[in-house]
Each structure stands twice: as C-alpha cells, then as structure tokens.
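Before any comments, here is the structure.
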Protein chains: 2
Amino acid sequence: MYEIFQKYLDEKTTLTKTESELIQSYAIIKKLRKRQYLLQEGDIWKYNAFITRGCLRTYSVDEKGTEHVNSFSIENWWTGDRESLMFQQPSRFNIDAIEDSELILFTQDNFELLCREIPAFNNMVNAILQKSFIAAQNRIQASLSFTAEEKYLNFISKYPGFASRIPQTMIASYLGMTPETLSRIRKQTAKK
Amino acid sequence: MYEIFQKYLDEKTTLTKTESELIQSYAIIKKLRKRQYLLQEGDIWKYNAFITRGCLRTYSVDEKGTEHVNSFSIENWWTGDRESLMFQQPSRFNIDAIEDSELILFTQDNFELLCREIPAFNNMVNAILQKSFIAAQNRIQASLSFTAEEKYLNFISKYPGFASRIPQTMIASYLGMTPETLSRIRKQTAKK
DNA sequence: GTAAAAACTTGATCTAGATCAAGTGTTTTG
DNA sequence: CAAAACACTTGATCTAGATCAAGTTTTTAC
C-alpha cells in the first residue's frame with residue numbers, strides 16, 4: 001500500500017531518490033478493522049498518520065456520554081491529535097475506523113527528522129497545515145452562521161461522497177445536530 | 001513600536017544580528033484608529049500582520065446583515081485572512097480595530113522570503129500555525145458540545161482579560177449566541 | 001439464513017435560546 | 001455639555017431543534 005503514499009508525495013512535492021527512500025525507511029504500515037481504535041481517550045498520541053485506504057473518525061465523549069464527532073478522514077488525508085502530539089498530553093479524543101482501513105505512520109521523532117532533512121517535505125507539511133487551518137476556520141464560520149439545513153447542504157457540497165460512506169448518526173454529530181433532525185432535513189431536501 | 005515585535009521574536013526564537021536586521025528591514029508599521037478597517041470583505045489580503053498594541057476583530061456578515069465574529073486578536077498575536085492570502089481570493093471577512101491599535105505588516109512575498117532565508121523564523125511561524133490550528137479545533141469542540149453558559153465560562157477562563165476590553169455584543173457573536181442570552185448568563189453566573 | 005443489534009424514520013411533546021419590545025446606562029461627537 | 005448613537009438589561013413570547021417514544025429497515029455475526 002506504500003505506492004499510494006508515494007503517489008501522493010509525487011503529486012505534492014518533488015523529491016530525490018535518496019529523499020524518497022529515507023521517507024519510506026521510516027514508514028510504519030498499520031491496518032485497522034472497522035470499529036478498531038487508532039487512538040483512545042487518555043492515550044498520548046505519538047505519530048503522524050496518513051490514510052492510504054478507508055475512513056476514520058475523530059470524536060470526543062462528554063460527561064453525559066454523548067459522542068461529538070470532530071472530524072472524518074479518508075484516504076489521502078492525514079489524521080491524529082495534534083494537541084496530544086505537540087504537548088505530549090493525554091488525548092481528549094478517540095479515533096476509530098468507520099471502514100477497514102490502512103495507514104502509514106511516522107513517529108514524531110522520525111517525522112521531525114524528515115522535516116529537518118528534507119525542506120521540500122517540510123514545505124509540503126506546512127501547506128497541509130495551512131489548509132487544515134483554513135478548513136477549521138470555515139467550519140467555525142458555518143457553525144456560527146448556518147441553520148441546520150444549511151450546515152447539511154454545505155457539508156454534502158463540500159464533501160460529496162462522504163454522505164454515502166458515513167452513517168447519518170455520525171454526520172449529524174459532526175454537524176452539531178441530532179440524528180432525528182438530520183433525518184427530517186434529508187426528507188425535506190429530497191422533495192425539492 | 002518595533003521593539004515589542006523584536007522582544008516577541010527574541011522570546012520565540014534565536015536569530016543572528018543580520019537575520020534580525022533583515023526582518024526589520026521588511027517591517028511596515030501601521031496604525032489603526034478604533035473602528036478603522038484593516039481588511040474589508042471583497043478585498044484580497046496581502047500581508048502577515050502582527051499586533052504590537054490594541055485589539056482587532058475578524059467577522060463576516062451574512063445575507064440577513066447579521067455579523068458573526070470569527071476571532072479576536074490582541075497585542076502579541078497575529079491576524080489576517082489566511083484563505084484570502086493563500087488563494088489570492090476576495091475575503092469573506094472584515095477585520096477592524098476594537099481599540100486604537102498598532103501593527104507590523106509584512107507583504108506575503110517578503111514574508112515567504114524570510115521563511116526561506118531564516119529557518120528559525122520558518123520554524124517559529126509553523127509553531128504558531130500549529131497552535132492556531134489546535135485552538136480552532138478546540139473551538140469547534142466547544143461549539144459542538146457546550147451549552148451557552150459553558151461556552152461563556154470556557155471563554156472567560158481561556159481568555160481572561162478579553163471580557164473587560166471587548167463589548168459584550170461582540171463576545172456574544174463570537175460565542176454564537178444573542179447579546180440578550182449572554183446578558184442573562186452573566187447575571188446568573190454573577191449570583192453564584 | 002436467521003436472530004440480534006444497529007441505523008434510520010416518523011410523530012408528539014418539550015425547551016434552550018431567539019426574537020421582539022421597551023426600557024436604562026454609557027460613550028461619542030459636534 | 002447636550003443629544004445622538006451605542007451598549008446593556010429585563011420581560012414576554014416564539015421557534016428551531018432536542019428529546020422521548022415507537023415503529024421499520026439494514027447490517028452484522030454466529
């Protein structure tokens with residue numbers, strides 16, 4: 001499955017043979033069955049994780065036991081808990097597989113080394129972070145200014161394809177509404 | 001006012017004399033009166049802006065004319081619209097001064113040059129971006145899982161000092177509630 | 001292949017927070 | 001320093017979306 005990551009690298013940046021080999025030498029392949037955890041609340045996250053196949057969700061659980069989905073991540077995206085990684089503190093999140101998935105992991109030490117040794121890799125990582133930040137800003141804006149229906153329409157237009165592979169309950173949680181509300185919205189919008 | 005930024009740099013990173021001078025040579029000082037715009041919706045944002053004094057807000061206006069505050073930024077923080085800057089597209093945001101303020105601007109070209117020429121500067125910028133992303137994630141989580149009262153208590157504990165210098169109406173907007181609701185929450189929590 | 005468990009739908013009712021309205025207090029500005 | 005503009009409070013009423021409940025449909029697992 002490493003070829004998928006190699007292809008991603010080739011698209012995003014330009015590397016010498018030696019650099020590519022250095023990156024590959026640190027790659028840890030990890031397979032996850034559906035429902036299996038990549039990270040559990042309380043654990044300290046140690047990696048940078050790239051998804052070559054499948055779909056994962058990051059969520060937290062509040063005192064009432066309600067799950068709140070923070071994000072979905074699919075093939076060709078990264079996942080993990082930056083806060084836990086950066087401050088080496090126990091995570092408030094769980095990450096688990098929505099589908100059978102395959103990942104490539106890099107320990108933070110190795111990842112930092114790659115960033116230091118390979119400027120093109122460092123630039124790629126920064127560009128991804130910038131885009132993630134912009135996406136987070138847009139999500140904040142949506143959560144502040146959109147109605148439930150607008151949030152759903154925005155979601156399916158922004159992430160077409162997600163709606164078909166992710167259970168509605170999880171999408172509802174991601175959008176900050178109950179599954180019942182999402183069900184009713186879908187019924188209504190289907191009519192139009 | 002450049003000394004404030006110099007002090008910030010000295011705290012966050014280690015630079016040679018030459019590097020410091022290079023950075024300073026690109027700095028553009030900008031003063032803003034209260035209510036004055038730094039950026040208006042539709043404009044394309046061209047800078048990286050550091051605040052040496054004052055307080056700014058970033059907000060958008062929806063079709064109904066309602067303002068939604070995206071963020072507040074005070075001295076020793078950065079502000080701007082990353083999305084507009086990165087993709088050179090018209091901004092959906094307005095940024096204006098809540099207090100008389102002073103900023104240091106770097107055009108994106110100069111800023112990129114500094115990142116390229118000064119690895120320590122680049123690392124500092126990345127670290128800031130990481131922290132901004134983590135803060136955005138936390139805000140998303142709060143907006144999904146907190147009640148109006150919890151959002152307010154979380155805000156004042158996370159940003160003590162903000163409540164006294166920023167009008168309540170704007171804080172309410174930032175927290176995604178009406179000014180009336182915030183007023184009632186403050187009355188209640190004051191009792192306790 | 002079938003029973004149990006999830007996932008989704010639909011209806012009835014409830015409620016946190018919004019909206020509307022009418023104050024009072026506090027800046028800003030000529 | 002007055003009056004206009006703005007910021008905040010308080011009360012009455014309304015509503016989007018939550019909650020509770022009881023189905024039906026789909027998926028999972030032996």
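Bear in mind that the values here come from a model prediction, so they are computed numbers and not experimental data. Just so we're on the same page: letters track the sequence lines, and every chain starts at 1.
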Exercise for review: Determine, stepwise, if the pair B:S60 / B:E41 fulfils side-chain hydrogen bond (donor to acceptor under 3.5 Å, both in side chains).
Suggested key: CA-CA 8 Å; B:S60 63; B:E41 194 180 337; over 6 Å; no
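- Residues A:M124 and A:T13 share a closest heavy-atom pair of SD-CG2, 4.2 Å.
- OP1 or OP2 of C:dT9 has not a single side-chain nitrogen or oxygen of A:K187 nearer than 4.0 Å.
- When ring centroids are compared, B:Y174 and B:F155 come within the 6.0 Å threshold.
- In this structure, the CZ atom of B:R35 is 13 Å from the P atom of D:dA5, given to the nearest Å.
- In this structure, B:Y8 has its ring center under 6.0 Å from that of B:F50.
- Rounded to an integer number of Å, the gap from A:D100 CG to D:dT28 C1' is 13 Å.
- Qualifying side chain to side chain donor-acceptor pair (under 3.5 Å) partners for B:S173, counting only residues two or more places apart in sequence or in other chains: none.
- Atoms OH (A:Y152) and C1' (D:dA16) sit 19 Å apart, rounded to a whole Å.
- Remark: C1' of D:dT28 and CD of A:E99 are 16 Å apart, rounded to the nearest angstrom.
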Find every protein N or O atom lying less than 3.5 Å from an N or O atom of nucleotides 17-27 of chain C, and list the pairs.
{"from": "C:dG17", "atom 1": "OP1", "to": "B:A148", "atom 2": "N", "distance (Å)": "2.9"}
{"from": "C:dA18", "atom 1": "OP1", "to": "B:T178", "atom 2": "N", "distance (Å)": "3.4"}
{"from": "C:dA18", "atom 1": "OP2", "to": "B:T178", "atom 2": "N", "distance (Å)": "3.3"}
{"from": "C:dA18", "atom 1": "OP2", "to": "B:T178", "atom 2": "OG1", "distance (Å)": "3.0"}
{"from": "C:dA18", "atom 1": "OP2", "to": "B:T181", "atom 2": "OG1", "distance (Å)": "2.4"}
{"from": "C:dT19", "atom 1": "O4", "to": "B:R184", "atom 2": "NH2", "distance (Å)": "3.0"}
{"from": "C:dC20", "atom 1": "N4", "to": "B:E180", "atom 2": "OE2", "distance (Å)": "3.2"}

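- In the model, B:E112 has a side-chain atom that pairs as donor or acceptor with a side-chain atom of B:Q108 under 3.5 Å.
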Check your understanding: Do B:N126 and B:Q130 pass the side-chain hydrogen bond (donor to acceptor under 3.5 Å, both in side chains) test, and can you show the C-alpha distance, the side-chain angles, and the key distance before you say yes or no?
Key -> CA-CA 6 Å; B:N126 292 155; B:Q130 293 238 22; over 6 Å; no
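- Residues from residues 163-170 of chain B that place a heavy atom under 4.0 Å from any atom of DNA chain D, listed by number: B:P167, B:Q168, B:T169.
- If you check the side chains of A:K46 and A:Q88, you find a donor sitting under 3.5 Å from an acceptor.
- Look at CD on B:E67: it is 13 Å from C1' on D:dC6, rounded to the nearest Å.
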